[in-house]
Amino acid sequence: MIEYKDKVFHISAPGMSYMFRADGYGLLEHLCFGPPASMADAAALAVKPGTGWGCAVVLREDDNASCPDVLPLEWSGAGRGDYREAPAELETDDGPVSTDFRYAGYEIIKGCAPIKCGLPQADGGTETLAVTMRDDALKAELKLYFTQFGAAVTRRAELVNLGSRPLYVRKLMSFSTDLAGEYDMHSFSGGWIAEARRTVCHVGMARTVNESVTGFSSNRANPGFMLAEKDAGEDNGRVYGFNLLYSGSHYASAQRSLQGLTRVMQGISPVGFRRKLMPGESFETPEAVMAFSEAGFNGLSHIMHDFVNAHIVPRAWRYRERPVLYNDWEGCMFSFDESRLLDLAARAKKLGCELFVLDDGWFGGRNSDRAGLGDYNVNEKKLPSGIDGLAKKIGRMGLEFGLWFEPEAVNPDSDLFRAHPDWVLAEPGRESLTSRHELLLDLRKEEVRDYIVSSVCGVLDGADVKYVKWDMNRQSCALGTAAHEYILGLYDVLRRIFAPRPDILLETCSSGGNRFDLGMLCFSPQIWCSDDTDPIERLDIQGGLSYLYPQSCMGAHVSASPHAQTLRRTPLYTRGNVSFFGVLGYELDLKDLLPVETREIKAQIAFYKAHRELFQFGEFTRLPAPGDAAGWQVMKNGVAAAGIFRRLVRAAPGYGRVRFAGLSPDKRYRVESRKQSLRVGGFGSLIKYVSPVRISVHGALLRTADKHYAMPDGGDSFTASGRTLLAGFSPAGRFTGAGYDSASRNQGDFGSEIYVISEETGHVKKR
Ligand code: DGJ
């Protein structure tokens, strides 16, 4: 709900109030963003600057307390007495100018106020508050938009040049606000194959910045971040979350002032940015989303997940279950032909997969990553019946068909580049630098966008393609304004291709998670989190992303062990268990599977399908877990599934308790752990202690046994009250070095289990 009275504005939702007012000078004074308050509390919430602040600049000579530098503000000027970081920096032809926007009026609009410049926008907002501010000396107007989406609020800004001379936007943040209190910034940083690692930094009087200047939202600094009180935990304490609906270079900062205010802002990166605004022209920022929770990080995640599921992903895919896919990349790389693909598809179908995805290598001279990118004519040597023929054959097997593209880039060794070397994103007079042997196409150019749209649509309309993987494998070298215009071009291309084809499931990818952001999610319901599919690494990657993004948008695949990036050996059940908490897929050479692995994968897929809605759309909670373990839970309609993932085991393990979340204390629940089995070969020479016959550790007998048989691992099956399960129960015992016992867990390093928790109905469900 949005309320207005006597220049006080109040946006409220259960558990949250956001309030500010226009003060006597027309500055927007921030009153609160936090637990529920009422309009009548405005005076009590307003800061009392006292009698004045010494050397501070004042707005009125006879009002010592009128110093903008010490006020909590929703927007501040530059060069007008507020020396904290300014959200806007503008120039005229004569150079930098000060800004001093004052309140001029407001409007409350039903729903959202549409963005005109082509940036993506959250949809389904209830109401929008548009506050107009004016700087008469500058002859410019600033509109601040606040739209409510349940417990989340989005903000964005629009600057209009009302003068008769050009204005230059050097910096215009989507929002700025001054929160009362002291916080840590939790951001999600990393790089290729190491995305979204949670990093915590205390916000002091030196500025704390989370930014990307790579032209993309980047794998080094996800645009989403949180500000949390020092003592906040997963389930307690005050936490704020912020994110940007934008896929380009971004900037966010937080800085504390002497008065104990934390100024936080976010928007397009100002590095190299200079956008000319002609008289009458306007510039719109991307939309930012913000949310507050008093129930710790999990409370915040629940709000952000609902926001993404309900207001960000394309309508046709909201809460729509995603297929279990097989992707040929890690199994084949560039080396395949139609018969190999059909063989893989037949195997994938038998396992229970629903969608077969042909990744890189199907067109032009694309037999390695050095050539062919840009030439979307099918490689007939590899695929004699073309994409259409292949899709039909795969369709006849009962599988849907999906296809990889990397439309934004071009190899210098390609027909496209030879024909149009001028289509590349380049700075005049400089040699363009390659990355993964490719150059970016200049998506600012209409003819380039037209080429991409017509070549991708040509393929999509020429075959029954149900899924597209849209890849992009390099950073950009474009600076500021050019990088922003590129991103607008990208959104135009995505809109033109996919808006008329809403039922195609789009998964975007950028060398893994180099563009995992809310801007891309407005077009693609899911994103490939990382090229790192090692499940133990994924605990950090998917775990990091889980703070601000729901599991329904994370592509999570089971791949081969030892893993390509870590050489770590992990049990197949753990690879499956981690991938269940995302959109499950398989990405390994299925020809290499042993019978025992085939059985295990079939069981995994059947289990996931039986609980797919729960895993993809259930309320996701990070659980407290014993030792170095991670715990994740999803819950929907009274049923929960929880995963406990251990890293390294210790000898003589203790009795760590397992705790679930969100259950009703007074109800009784049945807890069943998913049946798992242990590879016989994994026990090496220990097998002789349990085998009735003498087995040589290097002999054919053990090798054969390992291919076909697995030993049951221990698990749990019991009932208990919700109260006990919330407080923590004692799970099945673990291997303590004295022998095999099928009732105990015998997992070793990187073991894990999945529990299904359902309200007791009187009968025991099968595991
Ligand atoms: C990078 C992606 O992240 C991979 O999954 C794969 O599609 C390759 N590109 C193909 O070149």
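The structure displayed is predicted, hence computed values, not measured ones. Order of appearance sets the numbers: ligands from 1, and atoms from 1 within every ligand. Each residue takes its place number in the sequence, starting with 1. Below, each value reflects all heavy atoms present in this structure, side chains not excepted, and no hydrogens, waters or symmetry copies.
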*Could you find the nearest protein heavy atom to atom 7 (O) of ligand 1 and give me its residue, atom name and distance?*
D359 OD1, 2.7 Å
*F523 ring center near F498 ring center (under 6.0 Å)*: no
*Looking only at N/O atoms, are W404 and ligand 1 under 3.5 Å apart anywhere?*
yes
*If you draw a 6.0 Å radius around CZ in R370, do more than 12 non-hydrogen atoms from other residues or ligands fall strictly inside?*
no
*Could you tell me the residue and atom name of the protein heavy atom closest to atom 5 (O) of ligand 1, and the distance to it rounded to 0.1 Å?*
K469 NZ, 2.7 Å
*Could a heavy atom of R436 be found less than 4.0 Å from some atom of ligand 1?*
yes
_W423/Y451 aromatic ring centres below 6.0 Å_ = yes
*For ligand 1, indicate whether the residue S511 contacts it via side chain, backbone, both or neither (heavy-atom separation under 4.0 Å).*
backbone
*asked:* Does ligand 1 come near enough to G512 that some N or O of the ligand is less than 3.5 Å from an N or O of the residue?
replied: yes
*Decide if the gap between the ring center of Y326 and the ring center of Y586 is smaller than 6.0 angstrom.*
no
_Under-4.0 Å heavy-atom contact with ligand 1, by part of E406 that carries it_ = neither
_Distance-only side-chain donor-acceptor flag, D360 / W329, under 3.5 Å_ = no
*What protein heavy atom sits nearest atom 3 (O) of ligand 1, and how far away is it?*
D531 OD1, 2.3 Å
*So which bit of N327 gets within less than 4.0 Å of ligand 1, heavy atoms only: side chain, backbone, both or neither?*
neither
*Would you tell me which option among D328, D471, D360 has the nearest heavy-atom contact to atom 8 (C) of ligand 1?*
D471
*Would a line drawn from the ring center of Y573 to the ring center of F750 be shorter than 6.0 Å?*
no
*Should you measure from each heavy atom of C509, which atoms of ligand 1 turn up under 4.0 Å away?*
2 (C), 3 (O)
*Would you check whether E587 has a nitrogen or oxygen atom less than 3.5 angstrom from a nitrogen or oxygen atom of ligand 1?*
no
_Tell me whether ligand 1 is touched by E330 - counting only heavy atoms on the residue side and a distance under 4.0 Å._
no
_Between F405 and W362 (judged by ring centroids, cut-off 6.0 Å), do the two rings come close enough to count as a pair?_
yes
*Just jot down the ligand 1 atoms closer than 4.0 angstrom to any heavy atom of W528, in number order.*
3 (O), 5 (O)
_If we count only N and O atoms by modelled type, under 3.5 Å, do the side chains of S524 and T508 hold a donor and an acceptor together?_
yes
*asked:* Is a donor from one side chain sitting under 3.5 angstrom from an acceptor on the other, for R622 and S546?
replied: yes
*Would S530 and E195 count as having a side-chain donor-acceptor pair, cut-off 3.5 Å?*
yes
*May I ask whether D369 has any heavy atom positioned less than 4.0 angstrom from an atom of ligand 1?*
no
*Under 4.0 Å from any heavy atom of N473, which atoms of ligand 1 are there?*
1 (C), 9 (N)
